[in-house]
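Heads up: the structure comes next, in structure tokens.
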Amino acid sequence: MILGFSSSIQKTYPGSTFNMLSVTVDKALEMAHLSRGDVDGIIATFLPGTFDGNLTLHFYTGQLAQYLGIRPRFLDYVDFGGASALAMLYRAEKAISSGDAENVILIVGGKASPVRERKVTADSVDRSYQGIRITPFDEFFRVYDDMNPVTDYALVANRHSHLFGTTDEQRAEISVKQRFNASGNERAMYRDRITVKDVLSSRMISSPLRLLEIVYPVDGFHVFVVGRSSRNSDMRPLRIKYFGEAHWPEMPPELPDIVSTPAVESSRGAKPLLERVDCFQLYDSFTITVLLQIEDVGLAEKGKGGRFAEEVDFTYQGEIPINTGGGSLNVGQPAYMSGGVILEEALIQLNGKGEGRQVKGVDNVLVNGIGGWNRAHSTTMVLGE
Amino acid sequence: MYEEFKSGKIPYIHCSCGHNFFYPRDRCPKCHGSSLEVRISSGEGTVFSFTEFGQGVYAIIEMKEGFRLYANVRGKVKIGDKVRVIPGNGRPEFEKVEDK
């Protein structure tokens, strides 16, 4: 059961990544009414360059445990990028139910600023460091001019428009509606309402994706506390009603087409629950990512995501609320992974703590995470009592 | 490999099952067979998707032989345009084939 959670997000955090993490862990444990001595498990994830600018920390989870003063019985490392947070929660529940651990903390995030300052992304840090490999095919692949993941999703967006007639205006609706949701979220970095025109007149980054369709990588952590007993927690006793994961390891050119994500598979078993889902938290690295998941989790047929974005009110006040806190498009993307952002918003909604953007009567939330090199991983979860 | 790119050639892998692929592996990703040989592509293809950004045009090209690869493109293109490989700077570069 999830006993507590917390986040710390800043555009640029001046201190060490360790300090930022330490504060976030304590806030999450406080909510769970636990101390560090109660924690006997850690599951973490990490992207190169996001921990004090380092490419890797030697034995990352062990080093975290040492710094936090936790002596773990259970350690795990999940490397699915933005799909990691949900996979970590699932694995923590299994570790606890099998008796491998009593209280596990999940750690997602880091500092994006050291990477951001080098004008690269975590997916393309090889552009500024020597001696690291990003794919098994670097000699064949990294010789090209690309700027993953922006260019990858731009290829997808252009292909989607070509096949289905999806318009720039339809994608822009996603930015506009999520910003409306963000206006009720005090944690969001961007809260001023925007229009479709604002999105379309923002700077082109990688055609057809514009600035207001793209996440801003920030410094921050999300920490979730998972434990066996909820008797001391103020949170609703939530359980995982559905979990699915899928991995498509191919380079996108080798996929049958590039307009689907592994969410097609990871969400398959959640279909019978869709009718009872009160709001959706869909991975939002880019507008096109949300559009793809609208189709892939089954809210719209393949190819109809653009029309859905245009016609359906998916604000927190609407019929199918999506990304009710504004998503990472507006909160920012801590350390190039938004999994913590969407999971935290799901917990906020389920516990009625959504303040200016609370959806009425939330009992079930579907969360979908996408991540990895070229959207290779997807995790789908339905949370409820 | 870089030398071949420089001269505007695109090698690919042909499996005896008929599947052609670009990214090197010692097994066919379709039939898992190991009866593979390296061939040289005709160099002709079409734009499967593309994006234009600060560093130029970047695309997925579908080659005549059926495999796809990432590549740089000189000049402007749209999806479906016919392209051909040109001698590049150690990397596959394509340009649009102009219709008569």
Side-chain angles (χ1 to χ4, degrees), chain A residues 119-121 123-124 127 133-166 168 203-211 213-214 248-260 286 288 292 373-374, chain B residues 1-6 9-13 15 19-30 38 41 45-63 65-81 85 88-94:
Chain A
K119 305 269 182 210
V120 295
T121 68
D123 279 1
S124 60
R127 303 279 191 223
R133 293 179 71 86
I134 299 248
T135 83
F137 309 115
D138 278 12
E139 289 82 355
F140 297 85
F141 177 74
R142 299 301 287 178
V143 296
Y144 311 129
D145 290 329
D146 72 283
M147 185 52 82
N148 253 18
V150 189
T151 45
D152 170 59
Y153 276 98
L155 292 172
V156 174
N158 264 338
R159 179 91 189 144
H160 200 279
S161 294
H162 173 76
L163 290 177
F164 307 116
T166 311
D168 291 357
R203 184 160 59 91
M204 187 67 86
I205 304 297
S206 182
S207 66
L209 298 179
R210 295 176 170 85
L211 188 64
E213 300 185 69
I214 292 173
W248 291 359
E250 299 91 344
M251 285 281 163
E254 295 195 342
L255 294 170
D257 208 319
I258 57 174
V259 292
S260 293
F286 305 95
I288 184 67
L292 295 177
W373 176 260
N374 286 331
Chain B
M1 192 75 182
Y2 291 161
E3 290 309 310
E4 287 175 310
F5 288 162
K6 277 179 187 167
K9 288 189 166 59
I10 305 279
Y12 67 97
I13 302 167
C15 175
H19 185 61
N20 294 334
F21 57 99
F22 180 68
Y23 300 103
R25 274 146 296 174
D26 65 356
R27 293 276 168 154
C28 171
K30 195 164 187 182
V38 176
S41 161
T46 56
V47 176
F48 186 77
S49 196
F50 74 97
T51 180
E52 190 178 353
F53 71 117
Q55 297 182 58
V57 175
Y58 172 69
I60 295 175
I61 308 294
E62 184 161 271
M63 302 303 291
E65 294 82 7
F67 67 93
R68 295 187 210 127
L69 75 162
Y70 290 118
N72 295 318
V73 176
R74 272 188 217 168
K76 296 203 184 257
V77 285
K78 57 184 191 305
I79 294 174
D81 278 354
V85 69
N89 185 24
R91 59 177 88 181
E93 272 197 284
F94 286 78

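Per chain, numbering begins at 1; letters A, B, ... match sequence-line order. Side chains included, hydrogens not; waters and symmetry mates left out as well; all remaining heavy atoms used. If you're wondering where the values come from, they're calculated on a predicted model, not measured in any experiment.
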* Using non-hydrogen atoms and a 4.5 Å limit, figure out which bit of Leu155(A) sits close to chain B: side chain, backbone, both or neither. => both
* Asked: Is the closest basic N to carboxylate O distance between Lys76(B) and Glu52(B) below 4.0 Å?
  -> yes
* **Proximal component of Pro136(A), with respect to chain B [non-hydrogen, under 4.5 Å]** => neither
* To do: Check Val143(A) against Pro92(B) and note the closest heavy-atom contact, atom names and distance.
  => CG2-CD, 4.4 Å
* Asked: Considering the options Leu209(A), Val156(A), Leu292(A), which one meets the side-chain contact (heavy atoms from CB on, under 4.5 Å) requirement together with Phe286(A)?
  -> Leu209(A)
* Asked: So which part of Leu255(A) gets closer than 4.5 Å to some heavy atom of chain B, the side chain, the backbone, both or neither?
  -> backbone
* To do: Inspect the contact between Arg91(B) and Glu139(A) and indicate whether a charged nitrogen and a carboxylate oxygen are less than 4.0 angstrom apart.
  => no
